[in-house]
2 protein chains.
Amino acid sequence: MAEQGAQVVARVGAVLRVLSAAAGTPASTSRVAEATGLTRPTAHRLLSALAGEGLVDRDADGGWVLGPEAYILGAVAADRYDITELARDAVRAVAHATGESAFLSARRGDESVCLLREEGSFPIRSHVLYEGIRFPLGVASAGLAMLAMLPEAEREAYLARADLVAEWGPAHATAPLRARLAAGRATGYVVNPGLIVEGSWGMAAAVFDAAGRPAWALSATGVESRFGPDRQGEIGRVLLEQAHAVTQRLRAR
Amino acid sequence: MAEQGAQVVARVGAVLRVLSAAAGTPASTSRVAEATGLTRPTAHRLLSALAGEGLVDRDADGGWVLGPEAYILGAVAADRYDITELARDAVRAVAHATGESAFLSARRGDESVCLLREEGSFPIRSHVLYEGIRFPLGVASAGLAMLAMLPEAEREAYLARADLVAEWGPAHATAPLRARLAAGRATGYVVNPGLIVEGSWGMAAAVFDAAGRPAWALSATGVESRFGPDRQGEIGRVLLEQAHAVTQRLRAR
DNA sequence: CTAGGGTGTCCACTAAGTGGACGATGCGGG
DNA sequence: CCCGCATCGTCCACTTAGTGGACACCCTAG
């Protein structure tokens, strides 16, 4: 039984996150129910009430999307939380230097969420990441980068509570995951060898907030052939350099 | 008694709107309770639960602000609802041509909410409007402009249900308000003769969405001495021209 | 035309949510 | 340094808001 007054709020949070993760693609009532673990009448009721508040909207075909009030909340909250303007040059620099699509992601609890994407110039690109998409911290390269740089106690606590194998496969068991994180701490950047979509690789480096905590990550993704040993060092170097530059800018403000 | 499943959602909406309207200024628990009409324990419980979801945050002094999840929701929703990039040049043109601060506001139900502000060059400026601030439709010039251009049935329905006198004074009674709206329909722009803060005047023109509905407004505000009959026509012309340009751009996309 | 999948709504039931009261904390003034 | 006042967080008896299984309706594809 939830803390009093929290159950509906938690459900609202879950519903909004699902629509956010859908990145503007309308979701059906059944889809929202499934993704949030709610029953369909409950999902429908919450969605209708949220639509009444303008936090969600309904498209012409009955699909649910984030609403105009969500946009306004975000525009106001951007003053405090938005680093995309400050980081945009760095994301572009990664895309330009590596030819791969580059991203800025933030940590949100036990998830990473993609905030910014810059297309790379290389004609074959991975489209696994887009603004709003979320992954567990141990899954996408951005989340791996932030997880690797957390204090050991927090990292181990996460590994203890997160069950990634069920949904993401045995490559996400604790032992291989710890190895990946240890390698990331050694080099400063992490490598995701096609564990979300086979053949789509990613690399990432953490960006630290003013308190020294890994709160964001810069990453690059592309096809496997572009992430071999011959290029990994260079991509890693560029990611580290640009991530460090963003960290410095954040400290300076 | 609310529609089932709606009471807590409505309260969440109200809490988030209050924090949004505070435009980043931290609000105390008592302040949120007062502004939303909730009791203090209820406000505290909802705020704590929303903090758990990341939709609100608590600053170092215990004040409540919109949280990182609110920012993310808004960033995702911006794809569908953000016209500030498209309208920025027009807002700047109003500021430049008139010397006054210029704004873009949106209609949100029975309120107008300020989305964008450009400072004017004239050294004496009004600071009544800022991003996130909300007014009833019949109060700020932006809301007046949108209200004036609504279909008559909707406008009259609003006038029937909105009681603006209690909080805003007798100048907001239905008769003077109708006159102001009629004048606005005749000229295409509305004038707010210092009714929010004495001496701070505003003028606005509506921007229409693809369906021809007044969904936004461009406005200019400044000190009374700058809004006399000698300048009203020119300011009105600039507002109309720029609002029309934004309307055209919206149709074209 | 039929079947399947998705939708919206109902309402008996109960668990979640409420708010008055109380104690704690912090700050400012004397 | 102490006291008063304002604000805070928490408690828990009470009640009503929220729930979800069931049902009817709608739409689309074969």
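This one's a predicted model, so the numbers in the text were calculated from it and none came from an experiment. Computed over heavy atoms, backbone and side chain alike; hydrogens, waters and symmetry mates excluded. Below, chain A is the first sequence line, B the second, and so on; all start at residue 1.
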**Student:** What residue pairs, at least two apart or across chains, pass salt bridge (Lys or Arg N to Asp or Glu O under 4.0 Å) with a residue in residues 55-66 of chain A?
**Tutor:**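 Those involving residues 55-66 of chain A do not exist here.
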
**Student:** When you get a sec, tell me which of D:dC11, D:dC8, D:dG20 is the closest nucleotide to the side chain of B:P41?
**Tutor:**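 Selected nucleotide: D:dC11.
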
**Student:** Output all residues satisfying side chain to side chain donor-acceptor pair (under 3.5 Å) with A:E224, sequence neighbours left out; order by chain, then residue number.
**Tutor:**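 Residues passing side chain to side chain donor-acceptor pair (under 3.5 Å) with A:E224: none at all.
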
**Student:** Let me know the distance between CG of A:D61 and P of C:dT7, rounded to the nearest Å.
**Tutor:**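 Computing the A:D61:CG to C:dT7:P distance gives 12 Å.
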
**Student:** Give the rounded distance in Å between these two atoms: CD of A:Q7 and P of C:dT14.
**Tutor:**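 So the CD-P distance, A:Q7 to C:dT14, works out to 16 Å.
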
**Student:** Starting the side chain at C-beta, find the nucleotide from D:dG20, C:dT18, C:dT7 nearest to A:R58.
**Tutor:**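 Nearest to the side-chain atoms of A:R58, counting from C-beta on, is C:dT7.
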
**Student:** Which of residues 20-39 of chain A sit near DNA chain C, with a heavy atom under 4.0 Å from it?
**Tutor:**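 Within this stretch, A:S28, A:T29, A:S30 sit under 4.0 Å of the strand.
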
**Student:** What's the NE2-P distance between B:H44 and C:dG23, to the nearest Å?
**Tutor:**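 Going from NE2 in B:H44 over to P in C:dG23 covers 19 Å.
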
**Student:** Taking only residues at least two apart or on different chains, which pairs with a member in residues 52-77 of chain B satisfy ring pair (Phe, Tyr, Trp, His ring centres under 6.0 Å)?
**Tutor:**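 Residue pairs passing ring pair (Phe, Tyr, Trp, His ring centres under 6.0 Å), neighbours aside: none found.
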
**Student:** What residues form a side chain to side chain donor-acceptor pair (under 3.5 Å) with B:R134, not counting sequence neighbours?
**Tutor:**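 Side chain to side chain donor-acceptor pair (under 3.5 Å) check on B:R134 returns A:E69, B:E111.
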
**Student:** Name all pairs fulfilling the side chain to side chain donor-acceptor pair (under 3.5 Å) condition that reach into residues 157-167 of chain A, sequence neighbours left out, sorted by first residue then second.
**Tutor:**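 Sorted pair list: A:D110-A:R161.
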
**Student:** Reckon A:R45 has a side-chain N or O less than 4.0 Å from the OP1 or OP2 of C:dT9?
**Tutor:**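 For C:dT9, neither OP1 nor OP2 has a side-chain N or O of A:R45 closer than 4.0 Å.
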
**Student:** Hey, does the side chain of A:R40 come within less than 4.0 Å of C:dG6's phosphate (OP1/OP2), counting only N and O?
**Tutor:**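 So the side chain of A:R40 is outside the cut-off, no N or O lying under 4.0 Å from OP1 or OP2 of C:dG6.
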
**Student:** For residues A:I72 and B:L115, determine if any side-chain heavy atom of one lies less than 4.5 Å from a side-chain heavy atom of the other.
**Tutor:**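 Sidechains of B:L115 and A:I72: in contact.
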
**Student:** Return the value, rounded to whole Å, for the distance between atom CG of B:L47 and atom C1' of D:dT10.
**Tutor:**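 Answer to the nearest Å: 15 Å.
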
